[in-house]
Structures are given as structure tokens and as C-alpha cells.
Engineer: 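Please read through the structure below; I'll follow up with questions.
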2 protein chains.
Amino acid sequence: MQNSVDGGLRERKRAQTSEAIHVAAAELVLERGLEATTIDAVSERADVSPRTFFNYFPSKEDAVLGIDEIAVSAELDRERDYTGDPLAATFDLVYALFEASGGRHAKTALKREVLQKNPQLMTRQMLRVAELEGRLSGILAGWLADDPRFAGGTESELLEEAQVILGICLATVRVSMRRWATNSDGDPGGAPEASAPDPRRSYEQAITSLRTVLEKLS
Amino acid sequence: MQNSVDGGLRERKRAQTSEAIHVAAAELVLERGLEATTIDAVSERADVSPRTFFNYFPSKEDAVLGIDEIAVSAELDRERDYTGDPLAATFDLVYALFEASGGRHAKTALKREVLQKNPQLMTRQMLRVAELEGRLSGILAGWLADDPRFAGGTESELLEEAQVILGICLATVRVSMRRWATNSDGDPGGAPEASAPDPRRSYEQAITSLRTVLEKLS
DNA sequence: CTGCATTATTGCACGATCTGCAAGCTTGCG
DNA sequence: CGCAAGCTTGCAGATCGTGCAATAATGCAG
């Protein structure tokens, strides 16, 4: 057999191909729009056969976003510790997922521009996370069970509460993401980094933003 | 021209066909599963051509859920009054949308069973509402502008807060929907109506459930 | 009732998405 | 080198979804 923690030619090539397809897809979408971009065109630019495209991504949208299903799953299986703050902990979890989901790619700016010009993809990105809801809320429910404020309920009550909290965080993150993607409208290019802040910033803003709203609601 | 508030043969037939397609789709999905159900099969059972299917629903999933885009849009354009409680008002709005979305159909039990056995459709249903997010949050932002607790901010701040609140409500509603769909597991049929409560109930539970969680979080 | 305008249904052709399969090529490793 | 495992590719095929034009059903006015 062979190394599972490779660094071998195979693994490097695979990463290269994946990145090539992702970049080709993102660029083409920027040039022609999402609808007008076909898998055939992406494959051609990435220099692989259309059939190979599907060996890497299950759909055009996933390729554009550069979603790495394996990395996401690995991230979910990691051990995590609970800080005592359900909101903060959930935000951290969701943030880590986004990082794993597409953060490995070099072309963050490219992805941002794509997201900005194709809001449908933002929805899809969130939908993807929503599909992981089962596993996420399970993790969160485990945390809540150790939390004195939530310890009272039955298991299913706990799970529902976890689902609600998770939903709240996801909603906040979505708003935050949208602001992040929109942030550079009409950017004159003076300070290149200032217009494309670390996504991490947006998450921190998201938390405080949510707390503000919650305070006003209560 | 002709009556726009019809009751004429045309309109009745159209409603019939729509219902027939919806029921055929839902039944087939229950029998064979979502994946294994093709548009051709649905069309055949509903006794229309596959081409006609697309004159009524843009996709298989929409047919299964019986989504009526026109009714939804009409519901959105209705005038609404603001009670002073953002959460309650938003819940009402979302609830009305769900009613308009699929509530006209006779076969609520059928739809419920489909949703229960195909959780993917639940996500999709919520996604559909999420696509209306722009219009919904606009309405909500309008309400917030009249609310003393929120009146301070700029227009874009207001809009973001509206988006967050909307997201919170949608998350809660989703949890509530899931409970509604799951509610009758292992139901022995003793009191038939007790196991399939009015969805309205679920929404009321959702509100209190959310408030409970918010209280614990604060 | 009859003809005309509107709208609905349908078949057909077409492009795109996605999957399974088998053949051939590349890489890993002894 | 030579075998095993993995990757790429072409091909066939199912399904989805849309545009177009012919045909049929319906509503209405005369």
C-alpha cells in the first residue's frame, strides 16, 4: 500500500487539478455569468475532460465555490471544547467549516468577486451548511447538555434548542457574509487589503451584531 | 377580454390540473422515493404530457410541494400592519407565506408524509422562502423604522438587523416544521386529528420556543 | 350559433447535467 | 522491471429543462 499522509506526486497532482478546475470555473463565471458557463467550457479551460470534472466536483456550483467535501467532513470530526458561550462556540464551529470548505484556495479575492456578482451562490453556500445541520446540531446539543442553563430539558428538547441556536447563528453568518462580499463596491484600490478584510473580521462583527439585535428584542 | 376573478372553466381546469400533477408527484415520491420519481412518470399519472408539466411547475420538487408562485407573490404584496413585536410580526408573515405556498391543497396529510420521509424537501422549502428574503427583509425593515427600539440606525443598518431577525424566525420555523412533520411517528391511529395538528399550532409553539431559548442565552 | 382572439396542450428538437462502465495510462513500490 | 492501485478519458444513456410551432380548447362578441 502507500502513505495516506502523502505529499506524493499523486496527491499534489490531485490538488493541482482541483485548484485548476476551481479557478477555471470561477473565472469563467466572472466572464460570462453563472448560467452561461458550461461544464464543457470549464473542463476545457482546466485542461481536463468533462468526465474528469465530475471526479472532482459534483456540480458546477461546487466547482465555482471550490468546495472540498472531504476537508469539511474532517473538520466536523475534530474534537472541540465548549467555552460556556453557546453563540460564540457555534460561531467558531461554523467559521471553521467555512474555512475548511473553501479557505484552502489561494484565490480568495476571486471567490469573493464571484460571490458578490452571483448572490445565488451565497444561498447555495449556506444551504450546503444547512445540510450538515444534523451533525452540527448534534455537536451543539452535546455542549448544551453540559450547560447549566440548558441542562433541564429532555434530549429531544435539547436538540431542538440546539437547532434553533444553530439557525440563529447561520442566519447571522449569512448576513455577515453578504456584507463581506459587498464590501468593496466602487473600491478605488487605494489600500488593497483594507477593502478585502479577513473574513474572520466579519464573523466577529456578526457576533456583536447579533447580540445587539437580541438585546433590542428582549 | 375576460374576468380576472374568474371561476370560469379555464381557471377551474387549471386548478384541477395543477392539483392532479401535485398529487401524482407526491404519491409517486411516497411510493418510489424522490430520486426514483421522474417527471415522465408524474406526467403520465397526472394524465398530461411531460411538456405540460413544465407549464405548471418549474421542477419536480416544486410539484411535490405544490408550490404556487403566484399565490406567494400576491401574499407578499398585501398590506400588513405592524403590531410592535418584530418577532411576532415576522412569524405571521412567514406563516402566511407558507399557507399561500402550499396550503391551498387538499392533501395536507399527503404533503406532510412526503416531507417527513424526504427531509431534503424541507430544506428546499425553506430555501424557497430564503429566496424571498430580499422582499421579506424589506418589509420587516419598514416596520423596524417605526419601532422606537430600532429607529436609531441608518437605513442599511436597519436592513441588516431586519435580515438577522428574519433569519432567526426562519430558523425557528424550520425547527417547528420539522417537529410538525415528525409528530406522528408510530401513531396508532387512536385520535386521528390529534396526531396531525394544525400547522398553526406549530407556529405558536415556535414563537414561545424561540423566546425560551433567547431568554436562556441572554 | 358562429367566427375570432386568447390561452392551453402537446410533440419535437436541442443543450446541459450527471452517472456507470470499461479501456488505457500514470504512479507507487517492491 | 512489473504488478497493483488509482486516475483520466470516451462513450452511452437517463433525466432535466427550454424554445418553438402546430393543434385544440375556451371565452366572447356579434
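All chains are named by letter (A, B, ...) in the order of the sequence lines, taking the proteins before the strands, and each is independently numbered beginning at 1.
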Engineer: Under the side-chain hydrogen bond (donor to acceptor under 3.5 Å, both in side chains) test, which residues partner R32(A), sequence neighbours left out?
Structural biologist: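 With sequence neighbours excluded, R32(A) shows a side-chain hydrogen bond (donor to acceptor under 3.5 Å, both in side chains) to no residue whatsoever.
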Engineer: Measure the spacing between CD of E155(B) and CG of L144(B) and express it to the nearest 0.5 Å.
Structural biologist: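 Spacing of CD (E155(B)) from CG (L144(B)) equals 12.0 Å.
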Engineer: Rounded to the nearest Å, what distance is computed from the CG atom of residue D47(B) to the C1' atom of nucleotide dA8(C)?
Structural biologist: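 D47(B) atom CG is separated from dA8(C) atom C1' by 15 Å.
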Engineer: Is it the case that the side chain of K60(A) and the backbone of T37(A) share a donor-acceptor pair, with hydrogens and angles ignored and the cut-off at 3.5 Å?
Structural biologist: yes
Engineer: Go through the structure and list residues passing ring pair (Phe, Tyr, Trp, His ring centres under 6.0 Å) with Y82(A), not counting sequence neighbours.
Structural biologist: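 Ring pair (Phe, Tyr, Trp, His ring centres under 6.0 Å) check on Y82(A) returns W143(A).
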Engineer: For S49(B) and dT10(C), is the shortest distance between a side-chain N/O and OP1 or OP2 below 4.0 Å?
Structural biologist: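 Affirmative; the distance criterion is met.
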Engineer: Sequence neighbours left out, what passes side-chain hydrogen bond (donor to acceptor under 3.5 Å, both in side chains) with E27(A)? Give chain and number order.
Structural biologist: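 Only R45(A) meet the side-chain hydrogen bond (donor to acceptor under 3.5 Å, both in side chains) criterion with E27(A).
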Engineer: Applying salt bridge (charged side-chain N to carboxylate O under 4.0 Å, His left out), name anything that partners K117(A), two or more places apart in sequence or on another chain.
Structural biologist: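 So K117(A) forms a salt bridge (charged side-chain N to carboxylate O under 4.0 Å, His left out) with E113(A).
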Engineer: Identify each atom pair where a protein N or O and an N or O of nucleotides 23-26 of chain C are less than 3.5 Å apart, giving names and distance.
Structural biologist:
residue : atom : partner : partner atom : Å
dT26(C) : O2   : R10(A)  : NH2          : 3.0

Engineer: Side chain of N118(B), backbone of Q120(B): donor and acceptor closer than 3.5 Å?
Structural biologist: no
Engineer: Think Y56(B) has a side-chain N or O under 4.0 angstrom from the OP1 or OP2 of dA8(C)?
Structural biologist: no
Engineer: Checking T172(A) side chain against I168(A) main chain: does a donor-acceptor pair fall under 3.5 Å?
Structural biologist: yes
Engineer: Using a 4.0 Å heavy-atom cut-off, write out nucleotides 13-20 of chain C from 5' to 3' as B (base contacted by protein), S (sugar-phosphate only) or - (no contact).
Structural biologist: ---SSBBB
Engineer: Using whole Å, report how far CG of N55(B) lies from P of dA21(D).
Structural biologist: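 Rounded to whole Å, this separation is 16 Å.
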